[in-house]
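Keep in mind that the numbers below use all heavy atoms, side chains included, and drop hydrogens, waters and symmetry copies.
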Amino acid sequence: MQNKLYVCDMEELTKTEERVMQVLWDLKKAFVKDIIEAMPDDPKPPYNTISSMVRVLEKKGYIKFKAYGKTYEYSPAISKAQYRKASFKKMFTNYFDGSVESLLSFVVKEHSLSQEELAKINDIINKNQDPKL
């Protein structure tokens, strides 16, 4: 029997939107200028680009804001853990057909796992088994 996870309805982020969210998760709350300052110098994006992006992220439900006159302070509306879970569920469903066996097979084949890592995985499996089985 396959163990299936199902995808939630969170709208997918572009790579750039995801980078902005990473910064905002780190900062907890920030103005657009703070987000830009925290981004890597390769080169820094223009103010208007980030300003537009945070408005899009707010419409998608990822960011909330507090207004101070014409200035807005942004903060994450969802946690990094919530996003990670939704992203993983989508990847798990789309690329591994919701199959734990397929996922584990991929990890084992694509990564040289040490005996210690395999033992840890086995421990995790054993700890999380349903005692009723």
Side-chain angles (χ1 to χ4, degrees):
M1 182 172 134
Q2 283 187 352
N3 187 6
K4 296 256 183 187
L5 293 176
Y6 297 95
V7 180
C8 95
D9 294 332
M10 217 179 269
E11 194 172 339
E12 203 166 332
L13 297 179
T14 67
K15 294 285 183 200
T16 308
E17 290 169 342
E18 197 170 295
R19 266 185 287 183
V20 169
M21 286 304 302
Q22 293 287 354
V23 168
L24 206 48
W25 283 317
D26 289 343
L27 295 176
K28 310 286 188 262
K29 56 184 179 178
F31 297 96
V32 171
K33 66 177 183 60
D34 301 324
I35 295 169
I36 294 167
E37 284 175 20
M39 295 183 91
D41 291 324
D42 56 11
K44 291 207 185 276
Y47 183 94
N48 289 342
T49 301
I50 300 304
S51 181
S52 296
M53 192 164 300
V54 293
R55 285 193 301 277
V56 168
L57 287 165
E58 191 268 327
K59 285 182 181 137
K60 287 183 176 184
Y62 285 91
I63 289 179
K64 56 188 176 185
F65 67 89
K66 187 174 183 180
Y68 298 96
K70 292 183 180 182
T71 304
Y72 298 94
E73 182 180 52
Y74 298 96
S75 59
I78 66 158
S79 70
K80 192 173 188 176
Q82 288 170 307
Y83 181 71
R84 178 179 43 234
K85 184 176 182 179
S87 296
F88 177 77
K89 283 182 178 181
K90 183 176 270 188
M91 182 200 58
F92 182 70
T93 301
N94 291 340
Y95 295 100
F96 300 101
D97 300 321
S99 165
V100 173
E101 181 180 345
S102 180
L103 173 66
L104 287 175
S105 176
F106 172 81
V107 170
V108 170
K109 287 177 185 173
E110 294 297 318
H111 302 283
S112 299
L113 299 177
S114 68
Q115 289 300 315
E116 183 180 339
E117 290 169 318
L118 289 169
K120 285 180 184 177
I121 291 170
N122 197 35
D123 286 345
I124 291 168
I125 291 167
N126 289 334
K127 286 177 186 172
N128 290 291
Q129 279 189 337
D130 188 348
K132 297 175 195 166
L133 295 177

Distance from [X] atom [atom1] to [Y] atom [atom2], nearest 0.5 Å?
X: Asp26; Y: Lys28; atom1: CG; atom2: NZ; value: 6.5 Å
X: Thr16; Y: Met53; atom1: OG1; atom2: CE; value: 5.0 Å
X: Leu57; Y: Leu24; atom1: CG; atom2: CG; value: 8.5 Å

What closest approach, in Å, do [X] and [Y] show between heavy atoms, and which atom pair accounts for it?
X: Leu27; Y: Ala38; value: CD1-CB, 4.0 Å
X: Gly61; Y: Ala77; value: O-CB, 3.4 Å
X: Val32; Y: Ile50; value: CG1-CG2, 3.9 Å

[X]: which residues meet the side chain to side chain contact (heavy atoms under 4.5 Å, CB included) condition with it, sequence neighbours left out?
X: Glu101; value: Ser99
X: Asn126; value: Asn122, Gln129
X: Ala119; value: none

Tell me which donor-acceptor pairs under 3.5 Å the side chains of residues 62-74 have, and how far apart each pair is, sequence neighbours excluded?
unit_1	atom_1	unit_2	atom_2	d
Tyr62	OH	Glu11	O	2.3
Tyr68	OH	Glu73	OE1	3.2

(message) If the condition is ring pair (Phe, Tyr, Trp, His ring centres under 6.0 Å), which residues does Tyr47 pass it with, not counting sequence neighbours?
(response)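 Result, ring pair (Phe, Tyr, Trp, His ring centres under 6.0 Å) vs Tyr47: none returned.
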(request) Check the pair Asp34 / Lys29 against side-chain contact (heavy atoms from CB on, under 4.5 Å), numbers first and verdict last. (result) CA-CA 9 Å; Asp34 301 324; Lys29 56 184 179 178; over 6 Å; no
Qualifying salt bridge (charged side-chain N to carboxylate O under 4.0 Å, His left out) pairs with a residue from [range], counting only residues at least two apart or across chains:
range: residues 110-120; result: Glu116-Lys120
range: residues 42-58; result: Asp41-Lys44
range: residues 13-25; result: Glu17-Lys60

(request) Can you run down the ring-ring contact (aromatic ring centres under 6.0 Å, His included) pairs that involve residues 10-45, sequence neighbours left out, and say none if there aren't any? (result)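 Qualifying pairs: Trp25-Tyr83.
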(request) Using side chain to side chain contact (heavy atoms under 4.5 Å, CB included) as the criterion, point out the one residue from Met91, Lys90, Lys85 that pairs with Phe88. (result)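 Single pass found, and it is Met91.
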Can you list the residues that meet the side-chain hydrogen bond (donor to acceptor under 3.5 Å, both in side chains) rule with [X], with sequence neighbours excluded?
X: Ser75; value: none
X: Gln22; value: Lys80
X: Ser79; value: Gln82

(message) Do Tyr95 and Leu103 make a side-chain contact, defined as non-hydrogen atoms from C-beta onward lying under 4.5 Å apart?
(response)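 Not touching, per the 4.5 Å side-chain cut-off.
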